[in-house]
**Student:** 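One structure, pasted below without further comment.
First the proteins, then the strands, lettered A, B, ... as listed; each starts at 1.
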Amino acid sequence: MRTNLCGEINKEFAGKEVTLSGWVGRRRDHGKLIFLDLRDFSGVVQLVFNPGINKNPYTTAKDVRSEYVIKISGKVTNRSKDTINPSIPSGEVEIVVKDIKIFSKAKTPPFLLEDRSKVEENTRLKYRYIDLRTRQMQENIRLRHNVTDATRKYFNSKGFLEIETPIMAKSTPEGARDFLVPSRMNPGKFYALPQSPQLFKQILMFSGFDRCYQIARCFRDEDLRADRQPEFTQIDMEMTFVEADDVMEIMEGLFSHIFKEVLNKEVKLPFKRIRWKDSMETYGTDKPDLRFGLPIKDISGLFRNSEIKIFKDVLKNNGAVKSIVVNDYLDFTRKELGHLVETARKFGAGGLVWIKIDENMNLQSPISKFLSDTEKEGLIKALSLKEKNLLLIVADKFITACQTLGMIRKHLARKLKLIRADEFNFVWVYDFPLFEWDEKEKRITPVHHPFTKPDENTAGYLDSEPLKVNSMAYDIVLNGVEIGGGSIRINDVNLQKKIFKILKLDEKKIRENFGFFTRALEYGAPPHGGIAIGMDRLIMLMAKVKSIREVIAFPKTQSAVCMLTDSPSSVTDEQLKEVSIDIMEEDGQE
RNA sequence: GGAGCUGUCGUCUAGUGGUUUAGGACACAUGCCUGUCACGCAUGAGAUCGCGGGUUCAAAUCCCGCCAGCUCCGCCA
C-alpha cells in the first residue's frame, strides 16, 4: 500500500520511486497541470499531475476531490528554486505521479480542516472523524498516547503491577451519583459503573500485590464542565507499607518522567508543598496557581479598634480583614474598580474596599476619611506599600474573605497578564481537614473520601470535635488545576467503622454498602496509600488547551450527549422487559 | 436546580422594525488556465434567519415560551 509516509519525504528522497497512501487535502487545478496535497498522520507532500508526462493519472486526478483516499506511485523530484515551499518539511520536493488509485471517494466535508479553529465545537463533535484528522487533534491524541505509554513504563520499572478491576461494580451511594446498569439475570438489581477503582485497589493491597496501578476509566453522573466529563481517565496507583512522603516521591518521579519523555521538559524536584490552611490563607483556594504572586495578606490586627464599622463588626464576629496589593492603580479605571466590587459580591463577600496610594503616599479611597493615621501608617508598614500601589480589601467571615480574594487574585492575574504561561508549576497541598460541615445536608462529610486515614496529631479530636481532625491526604495541583488527590488509607477496621459512624452512616447501611470492604479489612490489612491523577486534565494542561474535550477522542457535550452517535438513546420495550424496567411517564414525576 | 453568553447558506459571518429578491468570504458546481501551495479568472447553485407563539400595516430584527451549544455557581465522597 505504501513504501513511505508523506511526512518523511524530503530532498534526501530525490530521484526515488515511492508509493504513498493518504487523504487528499487541497487541490489546485491549473487546467493542464494539477497539484494535490496528500496527507497522512505524518504530514503532507505535494503531488503533481502533468498530462505531458503521464496522461492517465492526470485524467483521474481531474475527478479527485478533498478527503478522497488515494494511493499514488511516482518519482520524488526536486522543485525548481522559485517553487520551493519553505512552510512544509517536504517543500523542497514533490511527487511526479505515474500511477494513482482511488480507494474511496468522499462527500464534500462539512468544514475544511484548516478552518477548524473557527468552526463551532458541536459541528466538530458531530463530524468528529473529520475533526480528528486535523493536525491539532492528531497531536493531542498522540500526546495522550505518549502519556499513558510513559506512565506504564515508569510504573513497570518501579515494580508496580497493572491490574484491572471491574467496570461492572457495586453502587456505593456516598459521593458522586453512580451510573447504573440493570442486571437481566438478577431482576431489580443493578451494577454501578465505578467512580474510581478505590476499594478494589485497596483490596489488592490487602492481597499482597504490594504496588499496583491502573489507567482507569471512571464514571460519575454529575454535571459537566470544561474540565469534567461523565467518563474520564485516572492514573490510579496504590502502594503497601508506605507513608505520604513515599507516595509523593514516587509521583514526583512519574511527573518528571512523563514531562521528560513526552515534552522533553525538566520539572524541578521536589515539588513545593503547602499546608491546606496556608494555601487557603495566602491564595484563597486549595488549588493555588503559583505561576504568579499577588499573595493575600491578613491585616485584621490593624483594625481591632477601628472606627470603620464593617471592619469592626466583622472582627467582632471572628471574621478577618484580608488584602491584596496590586502594583499600579493606573491599570484600573473607576469603572473597573466598580467591576471588582461587583465580582467580590458575586463570590459571596459583602463588598470590597479599594485604596490608592498616590505619589505623596496619601491614601485615596471611599473610606479614607474614616481611616485613622495609625491605621494608615500601619497599612503602609505592614504591606510595605509604595506609591501608585492599589490595595484591595475584603472584610468578611474568614473563609469568605479568603475565597473572595482568591477569585479576585485569579481575575487580576489574567487582567494584568501576570501568569507565566510557559511554566508548569506543581505544588502539593497537604494537611487537609478530614471532614467538613455540609450546610445543605446538615451533616459531616469527608473532604477526601471515608477511607482516608486521620492524621495522628489531631486524631484525638475524632470523638469530641471531628471537624478539628486533619487527614493524611494530599492533592497535587498543576497551574492552579487540581490534577490529583490521594491519601494514606485506613487499615484498621475499628477506625474505619468509627469514621463511618461519625459520617452518620447507620450499621445497616455500612453492612449493605461497605460490608465486603470492612470484612476484607478484618483479615490482615497492611498500611497502604496511593493517589489518583485526573489524566485528561493533566494532558489538557500539557497540550495547553482550554477543555478536556480537546484531548478525548469522543467526548460528550455539557448535557452528557455524544453528538457523533446520539447516545444516550431510547431502547426497545423488549430490551426494557428483559431487564425488568418500566419507564415512568413525565407526568408521573413531581 | 440556578446565572450568563450564543444560535442567519455546508462553514465563518454582515444585517438592531420597511433600503433585503437576507449581503460577503471560504467551500461547492461548470468553464478557462502548465508552477500553484489560502492558486487565479468568469459564471452558477446554495438560507423553513434554532423551534413555537405573540406585538405590529410590516419581524432575522421587539416580547414570551421552548430547544440546542458553551462558560460558570450548586453538584463532583
**Student:** Please state how far atom CG in A:N50 lies from atom P in B:rC33, giving the value in whole angstrom units.
**Tutor:**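 Spelled out: CG on A:N50 to P on B:rC33 is 14 Å.
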
**Student:** Can you measure A:L47 atom CG to B:rG35 atom P for me and round it to whole angstrom units?
**Tutor:**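 It works out to 18 Å between those atoms.
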
**Student:** When the C1' atoms of B:rA58 and B:rU19 are considered, how many whole Å apart are they?
**Tutor:** 14 Å

**Student:** Give the rounded distance in Å between these two atoms: CG of A:N122 and C1' of B:rG50.
**Tutor:**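 It works out to 11 Å between those atoms.
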
**Student:** Taking any heavy-atom pair under 4.0 Å as a contact, classify A:T108: base, sugar-phosphate, or nothing.
**Tutor:**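 Sugar-phosphate contact only - A:T108 comes under 4.0 Å of backbone atoms but never of a base.
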
**Student:** Aromatic rings A:H449 and A:F451: how do their planes relate, parallel, tilted or perpendicular, breaks at 30° and 60°?
**Tutor:**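 Taking A:F451 first and then A:H449, their aromatic rings sit tilted (interplane angle of 30° to 60°).
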
**Student:** Between A:R549 and A:E121 (salt bridge meaning N to carboxylate O under 4.0 Å), is one present in this structure?
**Tutor:**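 A salt bridge is present here (some side-chain N lies under 4.0 Å from a carboxylate O).
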
**Student:** Taking only the side-chain nitrogens and oxygens of A:R28, find out if one of them lies under 4.0 Å from OP1 or OP2 of B:rU36.
**Tutor:** no

**Student:** With a 3.5 angstrom cut-off on both distances, give the Watson-Crick or G-U wobble partner of B:rA77, or none if there isn't one.
**Tutor:**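 The base-pairing partner of B:rA77, which may sit in any strand shown, does not exist here.
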
**Student:** Please report the distance, rounded to the nearest Å, between OH in A:Y127 and P in B:rA27.
**Tutor:** 19 Å

**Student:** Choosing from B:rU36, B:rC37, B:rU11, which nucleotide comes nearest the side chain of A:D37?
**Tutor:**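 For the A:D37 side chain, the nearest candidate turns out to be B:rC37.
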
**Student:** Which nucleotide, if any, forms a Watson-Crick or G-U wobble pair with B:rG40, using both distances under 3.5 Å?
**Tutor:**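 Check on B:rG40: paired to B:rC32, both distances under 3.5 Å.
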
**Student:** Kindly confirm or rule out a cation-pi arrangement of A:K105 over A:Y68, judged by NZ or CZ under 6.0 Å from the six-membered ring centre and within 45° of its axis?
**Tutor:**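 Geometry flag: not set, cation outside 6.0 Å or 45°.
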
**Student:** Which comes earlier along RNA chain B counting from the 5' end, the contact point of A:R79 or that of A:K118, where each point is its nearest nucleotide?
**Tutor:** A:K118

**Student:** For atom C1', what is the distance between B:rG17 and B:rU55, given to the nearest Å?
**Tutor:** 12 Å

**Student:** What nucleotide, of B:rC33, B:rU36, B:rG69, holds the atom closest to the side chain of A:D29?
**Tutor:** B:rC33

**Student:** Using the C1' atom on both, measure B:rG10 against B:rC28 and round to a whole Å.
**Tutor:** 8 Å

**Student:** How many whole angstroms separate atom CG of A:L33 from atom C1' of B:rC37?
**Tutor:**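 Rounded to the whole Å, the gap is 12 Å.
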
**Student:** Give a yes/no answer on whether the side chain of A:R65 brings an N or O atom under 4.0 Å of OP1 or OP2 in B:rA29.
**Tutor:**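 For B:rA29, OP1 or OP2 has a side-chain N or O of A:R65 closer than 4.0 Å.
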
**Student:** Could you state the atom-to-atom distance from CG of A:N85 to P of B:rC39 in whole Å?
**Tutor:**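 Going from CG in A:N85 over to P in B:rC39 covers 11 Å.
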
**Student:** On a whole-Å scale, what distance lies between the C1' atoms belonging to B:rG54 and B:rA59?
**Tutor:**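 Approximately 11 Å lies between the C1' atom of B:rG54 and that of B:rA59.
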
**Student:** What is the distance from CE of A:M563 to C1' of B:rG69, rounded to the nearest Å?
**Tutor:** 7 Å

**Student:** Verify, without hydrogens or angle tests, whether A:T77 (side chain) and A:K75 (backbone) share a donor-acceptor contact under 3.5 angstrom.
**Tutor:** yes

**Student:** So, OP1 or OP2 of B:rA27: does either fall under 4.0 Å of a side-chain N or O from A:R26?
**Tutor:** yes

**Student:** Distance check, P atoms only: B:rA77 and B:rG69, in whole angstrom units.
**Tutor:** 24 Å

**Student:** Whom does B:rG65 pair with, Watson-Crick or G-U wobble, provided both distances fall under 3.5 Å?
**Tutor:** B:rC51

**Student:** Which residues pass the salt bridge (Lys or Arg N to Asp or Glu O under 4.0 Å) test with A:E436, sequence neighbours left out?
**Tutor:** none

**Student:** Taking B:rA27 as the reference, what is the distance to B:rU11 when you measure between their C1' atoms (whole Å, please)?
**Tutor:**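 That atom pair is separated by 7 Å.
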
**Student:** Is the aromatic ring of A:H30 within stacking range of B:rU36, meaning centres under 5.5 angstrom and planes under 30 degrees?
**Tutor:** no

**Student:** At less than 3.5 Å, do the side-chain atoms of A:Q46 and the base atoms of B:rU36 form a donor-acceptor pair?
**Tutor:** yes

**Student:** In whole Å, what is the span from the NZ atom of A:K107 to the P atom of B:rU11?
**Tutor:** 13 Å

**Student:** Measure up the A:H411 and A:H339 rings against each other and bin them: parallel (under 30°), tilted (30 to 60°), perpendicular (over 60°).
**Tutor:** tilted

**Student:** Between A:N491 (side chain) and A:A525 (backbone), is there a donor-acceptor pair under 3.5 Å?
**Tutor:** yes

**Student:** My understanding is that a pair needs two contacts under 3.5 Å, Watson-Crick or G-U wobble. By that rule, which nucleotide pairs with B:rG4?
**Tutor:**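 Partner of B:rG4: B:rC70.
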
**Student:** Report yes if the ring of A:F111 lies under 5.5 Å from the six-membered base ring of B:rU11 with planes under 30°, and no otherwise.
**Tutor:**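 No, A:F111 does not stack on the base of B:rU11.
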
**Student:** Using both distances under 3.5 Å as the test, list the Watson-Crick or G-U wobble partner of B:rA25, or none.
**Tutor:** B:rU11

**Student:** Looking across every strand, which nucleic acid part, if any, lies under 4.0 Å from A:E120 by heavy atom: base, sugar-phosphate, or nothing?
**Tutor:** sugar-phosphate

**Student:** Provide the distance between the two C1' atoms, one in B:rC39 and one in B:rC33, to the nearest whole Å.
**Tutor:**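 Going atom to atom, C1' in each nucleotide, I get 11 Å.
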
**Student:** Does the Lys NZ or Arg CZ of A:K55 fall within the cation-pi geometry relative to A:Y58 - under 6.0 Å from the ring centre and within 45° of the axis?
**Tutor:** no

**Student:** Could a donor-acceptor pair under 3.5 angstrom be found where the side chain of A:R116 meets the base of B:rU11?
**Tutor:** no

**Student:** Can you tell whether the side chains of A:K287 and A:D475 come within less than 4.0 Å, N to carboxylate O?
**Tutor:**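 Salt bridge: no.
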
**Student:** Can you tell whether the side chains of A:R26 and A:E114 come within less than 4.0 Å, N to carboxylate O?
**Tutor:** yes

**Student:** Assign each of A:K62 and A:L112 to its nearest nucleotide of RNA chain B by heavy atoms, then name whichever residue's nucleotide is nearer the 5' end.
**Tutor:**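 The residue whose closest nucleotide sits nearer the 5' end is A:L112.
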
**Student:** Tell me, for nucleotides 70-77 of chain B in 5' to 3' order, what letter each nucleotide earns: B for a base near a protein heavy atom under 4.0 Å, S for only sugar-phosphate near one, - for neither?
**Tutor:** BBSBBBBB

**Student:** Take atom P in B:rU16 and the same atom in B:rC70, then report the distance between them in whole Å.
**Tutor:** 29 Å

**Student:** With sugar-phosphate meaning primed atoms plus P, OP1 and OP2, does A:Q229 contact a base, only sugar-phosphate, or nothing at under 4.0 Å between heavy atoms?
**Tutor:** nothing

